[in-house]
There are 2 protein chains.
Amino acid sequence: MPPSYNVYEDRCPARQVLDRLADKWALLILARIQNEPVRFNQLRRDIKGISQKVLSQTLKKLERDGLLSRSVYATVPVTVEYVLTDLGQSLVQTVNTFAHWAEQHMDAVLLSQAKYDACAVSNTATALNNSI
Amino acid sequence: MPPSYNVYEDRCPARQVLDRLADKWALLILARIQNEPVRFNQLRRDIKGISQKVLSQTLKKLERDGLLSRSVYATVPVTVEYVLTDLGQSLVQTVNTFAHWAEQHMDAVLLSQAKYDACAVSNTATALNNSI
DNA sequence: CAGGATCCAAAGCGATACTG
DNA sequence: CAGTATCGCTTTGGATCCTG
């Protein structure tokens with residue numbers, strides 16, 4: 001069933017929400033946190049390739065959006081845990097479906113890319129850059 | 001059900017696919033095309049705010065990934081139609097679910113943002129920038 | 001441990017002009 | 001109509017250093 005509203009409109013709040021979630025790190029973070037509270041440096045280690053700066057920024061956005069909550073414990077040194085809120089929980093199923101699609105169909109995608117590049121190479125060199 | 005593979009790994013192909021789809025324009029384009037063939041300038045008009053350059057780039061990526069196909073008809077002037085492939089069809093359900101979530105929960109998100117900003121304003125001016 | 005602040009390079013994007 | 005090409009600017013992001 002297609003959406004019942006016009007998400008294509010510039011000012012649509014739903015689109016703003018969508019824009020926010022259409023972020024590779026945000027989805028990975030939500031997926032990682034889903035089952036258990038996770039600490040900052042644990043996320044940093046687990047989500048390979050994310051920098052400390054971007055992790056921090058993304059966590060702050062997700063907290064602002066109400067998708068996860070940040071809890072500080074007065075240990076020494078301090079302990080900070082991130083957990084999904086109910087709102088975040090309501091989204092994580094869809095995120096998993098997304099990830100699952102990626103797993104199931106990545107072979108088809110990679111094959112398609114290879115075919116596309118094979119054709120394009122014979123025409124211009126531009127396609128080579130796309131494939132890198 | 002959480003994903004059965006490790007999407008957090010840097011080299012995981014599924015993650016590369018996920019990264020590609022985690023793009024606000026890509027999702028909107030897939031959602032717009034789902035039911036019918038759409039022409040270039042029609043997409044340009046419908047998806048408010050997208051530039052011609054980015055639309056072109058994103059369409060090319062989606063075609064390369066095998067999610068949509070591009071058909072050229074030798075009319076004068078030329079007619080180009082974009083349609084979802086079967087692969088694209090298999091994804092669009094999830095995209096719709098995503099958009100649907102955004103519609104249903106955007107109020108909660110906006111409320112959370114307002115609360116977050118209201119607290120942060122009393123502390124620093126940085127939060128003001130985040131809210132704009 | 002959990003970040004904030006800063007600097008700098010790279011990517012992204014809009015605007016514009018041009019093509020078949 | 002459906003794009004490509006180029007030019008600057010803006011934004012992003014990584015790397016590094018620093019703090020409670």
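So that the names make sense, note that chain A is the first sequence line, chain B the second, and so on, each numbered from 1. Just so we're clear, the structure is a prediction, and the values are computed from it rather than from any experiment.
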(message) For the backbone of B:Arg32 and the side chain of A:Tyr8, can you confirm whether one donor and one acceptor N or O come within less than 3.5 Å of each other?
(response) yes
(request) Taking side-chain hydrogen bond (donor to acceptor under 3.5 Å, both in side chains) as the test, write out the residues that go with A:Gln113, two or more places apart. (result) B:Asp65
(message) Applying side-chain hydrogen bond (donor to acceptor under 3.5 Å, both in side chains), can you list everything that pairs with A:Ser90, at least two apart in sequence or on another chain?
(response) B:Trp101
(request) Strictly below 4.0 Å, heavy-atom distances to any atom of DNA chain D: list the hits from residues 36-45 of chain B, or just say none. (result) B:Arg39, B:Phe40, B:Asn41
(request) Output yes when at least one side-chain N/O atom of B:Thr75 is less than 4.0 Å from OP1 or OP2 of D:dC1, else no. (result) no
(message) The criterion is side-chain contact (heavy atoms from CB on, under 4.5 Å); which residues satisfy it with B:Ala26, sequence neighbours excluded?
(response) B:Asp23, B:Thr58, B:Leu62
(request) Taking side-chain contact (heavy atoms from CB on, under 4.5 Å) as the test, write out the residues that go with A:Lys61, two or more places apart. (result) A:Arg20
(message) Enumerate the side-chain hydrogen bond (donor to acceptor under 3.5 Å, both in side chains) contacts for residues 80-89 of chain B, please, sequence neighbours excluded, ordered by first and then second residue.
(response) B:Arg70-B:Tyr82
(request) Examine distances only and state if a side-chain atom of A:Ser112 and a backbone atom of B:Arg64 form a donor-acceptor pair shorter than 3.5 Å. (result) yes
(request) Under the side-chain contact (heavy atoms from CB on, under 4.5 Å) rule, collect the residues that match up with A:Glu9, sequence neighbours excluded. (result) A:Asn6, A:Cys12, B:Lys48
(request) Indicate for each nucleotide in nucleotides 12-20 of chain D, in 5' to 3' sequence, whether protein heavy atoms under 4.0 Å reach the base (B), only the sugar-phosphate (S), or nothing (-). (result) -BBB-----
(message) Restricting to side-chain hydrogen bond (donor to acceptor under 3.5 Å, both in side chains), what partner residues turn up for B:Ser71, sequence neighbours left out?
(response) none
(request) Round to a whole Å and report the spacing from CD of B:Glu63 to P of D:dA2. (result) 15 Å
(request) With sequence neighbours excluded, tell me which residues meet side-chain contact (heavy atoms from CB on, under 4.5 Å) with A:Ala22. (result) B:Lys24, B:Leu27
(message) Output the rounded distance in Å from CG (A:Asp19) to C1' (C:dC13).
(response) 15 Å
(request) For B:Leu68 and D:dA2, give me the distance from atom CG to atom P, rounded to whole Å. (result) 15 Å
(request) Please report how far the helix from C:dC1-D:dG20 to C:dG20-D:dC1 bends, comparing the axis fitted to its first five pairs with the axis fitted to its last five, to the nearest 10 degrees. (result) 50°
(message) It should be established whether A:Lys60 places a side-chain nitrogen or oxygen under 4.0 Å from OP1 or OP2 of nucleotide C:dG4.
(response) yes
(message) Output the rounded distance in Å from CG (A:Asp10) to C1' (C:dG14).
(response) 14 Å
(request) Determine: side-chain N/O of B:Tyr82 to OP1/OP2 of D:dC1, distance under 4.0 Å, yes or no. (result) no
(request) For B:Gln42, check side-chain hydrogen bond (donor to acceptor under 3.5 Å, both in side chains) against everything at least two apart and list the hits. (result) B:Arg45, B:Asp46
